[in-house]
Participant: 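One structure, as structure tokens, below. Some questions next.
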Protein chains: 2
Amino acid sequence: MLRLAKLADYGLLIACHLANLSDELVKLEQVAEATQLPVPTVRKVMKLLVDQGVVRSERGMKGGYALSRPANRISIGEVIIAVEGGLALTECCLDACQCDMAQACTVQNNWNVINQTIGEMFSRITLADMNRPLSRSDVLKYVEERSPNLLDYVAVG
Amino acid sequence: MLRLAKLADYGLLIACHLANLSDELVKLEQVAEATQLPVPTVRKVMKLLVDQGVVRSERGMKGGYALSRPANRISIGEVIIAVEGGLALTECCLDACQCDMAQACTVQNNWNVINQTIGEMFSRITLADMNRPLSRSDVLKYVEERSPNLLDYVAVG
DNA sequence: CCAATTCATTACCAATTTGGTATTGATTTA
DNA sequence: TAAATCAATACCAAATTGGTAATGAATTGG
């Protein structure tokens, strides 16, 4: 139903791995071994994470990778967006609505609302959270614990 | 970030269209025209919807398609699953966890919890809901309005 | 200053997935 | 029996995606 690209999944795995090492710099190959992922793939994902400021890197003999912030200040949404490059459940209505049906745009707009709600949930779950078992009610808390102002921040319909 | 396949999007559009016609049988071509989708594509999606019991069909000269239940008793989750054939955000840990990292499976398990939460949200939003503008707080209600028992139904960690 | 190590960047490829098409068959109505 | 309409199968082309290879740039340490 909802698909998360493998690379995004990898990115999350990698980020959660880094989250367990605090500030220590780890080499690409170490990460690859720890996560059981191919080295070139880890390299690719790392680049994306570095580009988006989720991970910092240092070159040279003592170089390596580490999270650029504490794990509890990096959201999984940030990681996913970094790797997948954006968030969009549907494609229509992004630039200009080509479809004629007025009703279609109601549907599309509703999707956007749903999408944003999920996106906000993802922006509230951190890497630190992901490294300990989450219960279902934990997840719900992330949805519910938003400021009332935010609730209707996005005007619709 | 989260991608919904085009076909699933189409399926939703089609289902929402049918939802506006109550029990009236509509022909494939009419649906194609109304939704601005290619006829063969609509046919493909229809087949999936019929197979899963979301839509009923009748052959012959007075044949056509209609929802198999009232629009407020068909969830968008049902439609999406019908077209996409299942729900899975990630792939690991579906059959057997191949990865060594114990931590990896914590992450994967958390994903499952998140996935199920979203899935349940989708099972609470109906086609009828999708045909009127939803506000963000509406969406939240669907997440919150679950019985307390359900909350911790899925044991984790 | 040079060599070794490690990350950065670019370009590329192979394979799966996906959206879409065409054709032939089955069923109902008139 | 003929026309209309859905059903089913097989197929294709294009886009996406996961993964590879090779070369370049920066840092450390002798």
Participant: Are Glu84(B) and Leu48(B) side-chain neighbours, meaning at least one heavy-atom pair lies under 4.5 Å?
Facilitator: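 They are not in side-chain contact.
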Participant: Under 4.0 Å between any heavy atoms, over every strand shown, what does Pro40(B) touch: base, sugar-phosphate, or nothing? Just pick one.
Facilitator: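 Base contact.
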Participant: Without decimals, in angstroms, what is the distance between Leu7(A) CG and dG18(D) P?
Facilitator: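 After rounding, the gap between these two atoms is 4 Å.
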Participant: Rounded to whole Å, please give me the gap between CZ in Arg43(B) and C1' in dA26(C).
Facilitator: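 Nearest whole value for this atom pair: 14 Å.
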Participant: Do the charged groups of Arg69(B) and Glu78(B) touch, with an N to O distance under 4.0 Å?
Facilitator: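 Salt bridge present between Arg69(B) and Glu78(B).
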Participant: Between atom OH in Tyr65(B) and atom P in dT28(C), what is the gap in whole Å?
Facilitator: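 Going from OH in Tyr65(B) over to P in dT28(C) covers 14 Å.
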Participant: Using a 4.0 Å heavy-atom cut-off, does Lys47(B) contact any base of the nucleic acid, only the sugar-phosphate backbone, or nothing at all?
Facilitator: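 Sugar-phosphate only.
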Participant: Excluding sequence neighbours, so at least two apart, what forms side chain to side chain donor-acceptor pair (under 3.5 Å) with Lys47(A)?
Facilitator: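 Only Asp51(A) meet the side chain to side chain donor-acceptor pair (under 3.5 Å) criterion with Lys47(A).
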Participant: In chain order, what residues pass the side chain to side chain donor-acceptor pair (under 3.5 Å) check against Arg56(A), with sequence neighbours excluded?
Facilitator: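 Partners of Arg56(A) by the side chain to side chain donor-acceptor pair (under 3.5 Å) criterion, ordered by chain and then number, come out as Glu58(A).
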Participant: Specify the separation, in whole Å, of atom NZ of Lys44(A) and atom P of dA14(C).
Facilitator: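 About 15 Å, once rounded to whole Å.
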Participant: Looking only at side-chain N and O atoms, does Lys27(A) come under 4.0 Å of OP1 or OP2 in dT6(C)?
Facilitator: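 So the side-chain polar atoms of Lys27(A) do come within 4.0 Å of the phosphate oxygens OP1 or OP2 of dT6(C), strictly under.
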Participant: If we only count heavy atoms from C-beta on, is the Thr126(B) to Arg73(B) side-chain gap below 4.5 Å?
Facilitator: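 A side-chain contact is absent here, since even the closest heavy-atom pair is not under 4.5 Å.
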Participant: In whole angstroms, how far is the P atom of dG18(D) from the CG atom of Asp9(A)?
Facilitator: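 Taking atom P of dG18(D) as the reference, CG of Asp9(A) is at 10 Å.
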Participant: For DNA chain D, determine which residues of residues 53-62 of chain A have any heavy atom closer than 4.0 angstrom to one of its atoms, and list them numerically.
Facilitator: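 Only Arg59(A), Gly60(A), Met61(A), Lys62(A) qualify.
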Participant: Look at Tyr10(B) and dT18(C) and indicate whether a side-chain polar atom (N or O) is within less than 4.0 Å of OP1 or OP2.
Facilitator: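 Tyr10(B) to dT18(C) OP1/OP2: no side-chain N or O under 4.0 Å.
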